[in-house]
Structure formats: structure tokens, C-alpha cells
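Step one of this worksheet: look at the structure below.
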Amino acid sequence: MNNIVGRFWIGIVLFAQVFASSCREEDNAIKTDGVYAPTKIDPTIIFPKEFGVPSLPKDNPLTIEGVYLGRMLFYDPVLSIDSSISCASCHKQEYAFADPVAFSNGVFGLKTGRNASALFNMAYNKKFFWDARVNTLRDLVFEPIQAHNEMSMTLPLLKDKLLKINRYKEFFKKAFNSEPNVFDMSLAMEQFLLTIVSKDSRFNQFFPGDNISILNASELRGAFIFNGLVDFDANGKTKGSDCFHCHGGELAQQNNISMGGISNNGLDMNFEDLGFGGITNLGQDKGTFKTPSLINIALTGPYMHDGRFKTLEEVIDHYSDNVNYSSPTLHPQMSIHGGKQLNLSQQQKDDLLAYLRTMTDNVFITNPKYSNPF
Ligand code: HEC
Ligand code: HEC
């Protein structure tokens, strides 16, 4: 490389950096002259220090154009066979991208077989869906698009539909220098999904616990119950309920599979849904499911893979009073106290609930970066 060319490239890089930092992820940064010059997004702008920068797919760098394309696709019903259902039909921002019904409506009045997951902080996840059957978001998006009871689309038809829409012609060009196609579509959606971050709950301001003044007395007692080991006092009352083993850390989620990231929390004796066991065919995995994050939990009911609990009160009653200790694959952490129900007092239940409610992130659910762009 000779000097002049070298300087030219340095100039471009500097320009790109200034450009990136001056306009960040603002939509108005998107150039409309049809030139292929996607603007890379600095991950430290997206991901908070407290969470750290996750390991992102190296072959799909986040760009302003790619994320925006992914966001358009997420909200576009054109992805379904009869153009009636978008991803956002089942993943609604006001509910932290979950759906307030046990089973969601897909095309032709069909319903999903599981409860729609909340969507945020996915960049920190390595397994997706309740049964942890998919490892990347780019692979994942093809499932709802093609599932007969969700969007029921075929990929050739989807490509044809996208090719007919001017804004997609324009944005595939800008983001990937391509004509609309389903592979780049999956990359764009991966980019958008990776950027969905929830970090502004009071729980996140409190965590890891230095900032005690953030919580009121009841919430603070709830924090001790949540993060306390099970230990019965002289009257047989428990002091802690050990939620943190599976829902711990700043993400309120254990991602390590062998540490409770996929587990059986004692719902059933016989499994109607085999969960992870349906994927691995191993007895030890039957009835185990991906452990969800509890951030925004007050917004994402009904709860569990089948939406069986309508309220957080019911969830707490489950963990306190109704754990099925005979469940064959029960996670050891659930029965560490010798198969004795926690029997939390009403006050303890109220405190635990108050703590779970601090996990709601109201900034997140109205953040225009994730909202419908149309
Ligand atoms: C008809 C409702 C419906 C539609 C439409 C839908 N989803 Fe979902 N989504 C679900 C359900 C139900 C689950 C849980 C399925 C399971 O675990 O087997 C889910 C799970 C997910 C997950 C897993 C989250 C996690 O942390 O494990 C992601 C990501 C996701 N959907 C993204 C999308 C995207 C992107 C689209 C559009 C291409 C989409 N969904 C369309 C209902 C829907
Ligand atoms: C052994 C690991 C483990 C422990 C300990 C644990 N959980 Fe869970 N939790 C899970 C798993 C796995 C699920 C999903 C189960 C399913 O849907 O079948 C879950 C689901 C939930 C849900 C519903 C999430 C949703 O999006 O539907 C809530 C709320 C919850 N747990 C709260 C708690 C609380 C509160 C405690 C402490 C009292 C606790 N958990 C202890 C593993 C655990």
C-alpha cells in the first residue's frame, strides 16, 4: 500500500469513526443515496459496562443499516403467508416483547404450543427457545417464519415478496449490498435482536447490592430472600429461597447450562412437554427448560413454558408450597433442603414479590430504538 492510498484509508476510517460517534444509532443517520457504506456500531454504545460487551458474531457486525433493516422486518406482517402476523404480533414491546396470553395467535387462527418468550439481553444467551434447541438468532428466525401455526411462510415466497417492496430493495443494498434474500434477512434480524437491551430497572441500579438506598424496606427484605440460601430457623421457617442460583447475576438469569441454565423447577411429575429432553432424547433432560431471565418479569405473564401461572403470586406459591419433589429430573438445587417445602410466610411472599417488581424496566418498554418503525 503506498502512502497516498494509506492516508486515504486512514481518512476513511477516521471519518467513519467520527460519523459513527456523532450519529450513533439514530435513524436519521441512514443515508438515502443508495451507496453501500454501512456504518458500524460501536458495541460499547449498545451494551452497558455493568453487563460487559458480549461475544458477538464476528461475521455479522452490527451496523446502523443492518439493525434498522432487522427492525423493519421484525415489525412487518409481510413475513407471514397472508401478511397478517409480524414477529411483533406475539412479541409486544409494552410487555417486554412477550405476549400477555398463554398461547399466541398465529396465522389462520392457529395457536402456538408454548408461551411466547420475552426478548431482551439475548446477546448474552447461547441457547434459545424454551427447549434450548437453537444456538444462534440467525437460525432461530427461520422457525417462526416457517412454522405452520405462526407465520406459515415458505422461503422462496418470502424472497419474492421482499423483492417487490422498494424499501427492502433499498435497505438490503445499504446493509449488505444485496438484493432482498432470506439469508441476509436472517442476518439483519440477528443484528436487531442482539441490540435489544434492558438495563434500566431499579433492580439493575441496585445490583450487585452496593446501592441499598434504591430499594424500600420490603424490596430489600425480598432481595435477601431471593439471594439467600435455604436455611430453616428454629421454628422451621426459611430465611432464604435460593432463587439466585438459577436467576442470579445482573441479567437475573443463569446462562451456564450445567449450573441451572436449563433445569426442572419442579412443576410436574409427568411431562406433557419434554422440553430440552425432546431435543436430546436423554432421560436426564426430560422436563427441563431454559431458565428465563426475571428482568421485566412483572410484565411478561402468564408464566412458565405453558403460561400455566397467571400471576407472580401463583409463581411464588409454586416455589414456596407446591414444588413437586418427586419430579424425576428435578434440579438438585430445588431439593437441597431435603424435600421440605419452603413455606414462606405471607410477609416473605409479599417481600419477594416486591423485589421481583423492581426488575421492571420502564425505559425499555418505551425505548423508541425498539419500537415500530412504520
Ligand atoms: C405466533 C406467535 C409468534 C410469532 C409470529 C413469532 N414468535 Fe417468537 N416466539 C413465540 C413463542 C411461542 C416462542 C417460544 C417457542 C419455544 O420456545 O418453542 C418464541 C420464542 C422466540 C425467541 C426465543 C427467545 C429466547 O430467549 O429463547 C426469539 C428470539 C423469538 N421468538 C423471535 C421471533 C422473531 C424474530 C419472530 C419473527 C420472525 C418471531 N419470534 C415470531 C411466538 C411467536
Ligand atoms: C433450579 C433452578 C431454578 C431455581 C432455583 C428457581 N428457578 Fe425460577 N425458573 C427456572 C426454570 C427452569 C423456569 C422455567 C420453567 C418452565 O417454564 O418449565 C423458571 C421460571 C420462573 C419464572 C417464570 C418465568 C417466565 O418467563 O415465565 C419465575 C417468575 C421464576 N422462575 C421465579 C423464581 C423465583 C422467585 C425463585 C426462587 C423462589 C426461582 N424462580 C427459583 C429455574 C429455577
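Owing to the predicted nature of the structure, the values given are computational and were not obtained by experimental measurement. Remember, it's 1-based here, ligands and their atoms both numbered in the order they're listed. In what follows, residues are counted from 1 in the order of the sequence shown.
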Scanning both residues in full, the closest heavy-atom pair of Pro54 with Ala123 reads CB-O, 3.4 Å

Polar proximity ligand 2 side, Tyr319 side, N/O cut 3.5 Å exclusive: yes

For Asp321, which of Asn343, Leu342, Leu344 qualifies under side-chain contact (heavy atoms from CB on, under 4.5 Å)? Asn343

For the residue pair Phe171 and Tyr68, categorise the inter-ring angle as parallel (less than 30°), tilted (30 to 60°) or perpendicular (more than 60°). tilted

How far is atom 26 (O) of ligand 1 from its nearest protein heavy atom, and which residue and atom name does that atom have? Lys290 NZ, 2.8 Å

In ligand 2, which numbered atoms sit nearer than 4.0 Å to a non-hydrogen atom of Ile297? 24 (C), 25 (C), 26 (O), 29 (C)

Please work out whether the ring planes of Tyr355 and Phe206 are parallel, tilted or perpendicular, with thresholds of 30° and 60°. perpendicular

Under a 4.0 angstrom heavy-atom cut-off, which atoms of ligand 2 come close to Val315? 28 (C), 29 (C), 30 (C)

Tell me which protein heavy atom sits closest to atom 36 (C) of ligand 2, plus the residue, atom name and distance to 0.1 Å. Cys243 SG, 2.8 Å

Between Asn264 and Ser327, do the side chains contain a donor N or O and an acceptor N or O under 3.5 Å apart? yes

Among all protein heavy atoms, pick out the one at the shortest distance from atom 11 (C) of ligand 1; state its residue, atom name and that distance to 0.1 Å. Ala116 CA, 3.5 Å

Between the candidates Gly275, Gly261, Gly260, Pro292, which shows the shortest non-hydrogen contact distance to atom 25 (C) of ligand 2? Pro292

Indicate, as side chain, backbone, both or neither, the part of Leu312 found under 4.0 angstrom from ligand 2 when only non-hydrogen atoms are considered. side chain

Is there a polar contact between ligand 2 and His247, counting only N or O atoms under 3.5 Å apart? yes

Evaluate the ring planes of Tyr319 and His247, with Trp represented by its six-membered ring, and classify them as parallel (under 30°), tilted (30 to 60°) or perpendicular (over 60°). perpendicular

About how many Å separate CG of Leu69 and CG of Leu162, when rounded to the nearest 0.5 Å? 8.5 Å

For atom 8 (Fe) of ligand 1, which N, O or S atom of His91 is at the shortest distance? NE2

The atoms of ligand 2 lying under 4.0 Å from a heavy atom of Leu294, numbered in the order shown, are 28 (C), 29 (C), 30 (C), 32 (C)

Mutual orientation of the aromatic rings belonging to Tyr370 and Phe364 [parallel < 30°, tilted 30-60°, perpendicular > 60°]: tilted

Heavy atom of Met334, distance to ligand 2 below 4.0 Å: yes

Closest to atom 4 (C) of ligand 1 among Ala132, Gly278, Cys90 (heavy-atom distance): Cys90

Name the option, out of Phe129, Phe289, Tyr75, Phe97, that contains the heavy atom nearest to atom 16 (C) of ligand 1. Phe129

Shortest reach to atom 1 (C) of ligand 2 by a heavy atom, considering only Pro332, Cys246, Ser117: Cys246

I'd like to check which ligand 1 atoms, numbered from 1 as shown, lie under 4.0 Å from a non-hydrogen atom of Leu137. 29 (C)

Show me which atoms of ligand 1 lie under 4.0 Å from any heavy atom of Glu150. 1 (C), 3 (C), 4 (C), 6 (C), 7 (N), 42 (C), 43 (C)

Yes or no on ring-ring contact (aromatic ring centres under 6.0 Å, His included) for Phe176 and Tyr36, after CA distance, side-chain angles and deciding distance? CA-CA 8 Å; Phe176 300 108; Tyr36 176 61; 8.4 Å; no

Taking 4.0 angstrom as the limit and counting only heavy atoms of Leu267, give me the atoms of ligand 2 inside it, by number and element. 16 (C), 18 (O)

Is it true that Phe309 lies under 4.0 Å from ligand 2, counting heavy atoms only? no

Just go through Ile196, Leu140, Val134 and tell me whose heavy atom is the nearest to atom 23 (C) of ligand 1. Leu140

Decide if atom NZ of Lys199 counts as having more than 12 heavy atoms of other residues, nucleotides or ligands within a radius under 6.0 Å. no

In this structure, are over 12 heavy atoms from other groups packed under 6.0 Å from Phe224 atom CZ? no

Should you measure from each heavy atom of His331, which atoms of ligand 2 turn up under 4.0 Å away? 1 (C)

Assess Ile262 for proximity to ligand 2: is some non-hydrogen atom of it under 4.0 Å away? no

Protein contact of atom 17 (O) of ligand 1 - nearest heavy atom, named by residue and atom, plus distance: Trp130 N, 2.8 Å

Can you name the closest pair of heavy atoms from Lys369 and Arg71 and give their distance? O-CD, 3.3 Å

Can you confirm, on distance only, whether ligand 2 has an N/O atom lying under 3.5 Å from any N/O atom belonging to His305? yes

Close N or O approach (Met304, ligand 2; < 3.5 Å): yes

Check ligand 2 against Asp242 and write out every atom of the ligand that is under 4.0 Å from a heavy-atom position of the residue. 5 (C)

Does Lys159, at its NZ atom, have more than 12 non-hydrogen atoms belonging to other residues, nucleotides or ligands within less than 6.0 Å? no

Of all heavy-atom pairs linking Tyr75 and Pro77, the shortest is O-CD, 3.3 Å

Minimum heavy-atom separation for Gln205 and Asn211, please, with both atom names. O-ND2, 3.4 Å

Proximal atoms of ligand 1 relative to Ser104 (non-hydrogen, under 4.0 Å): 2 (C)

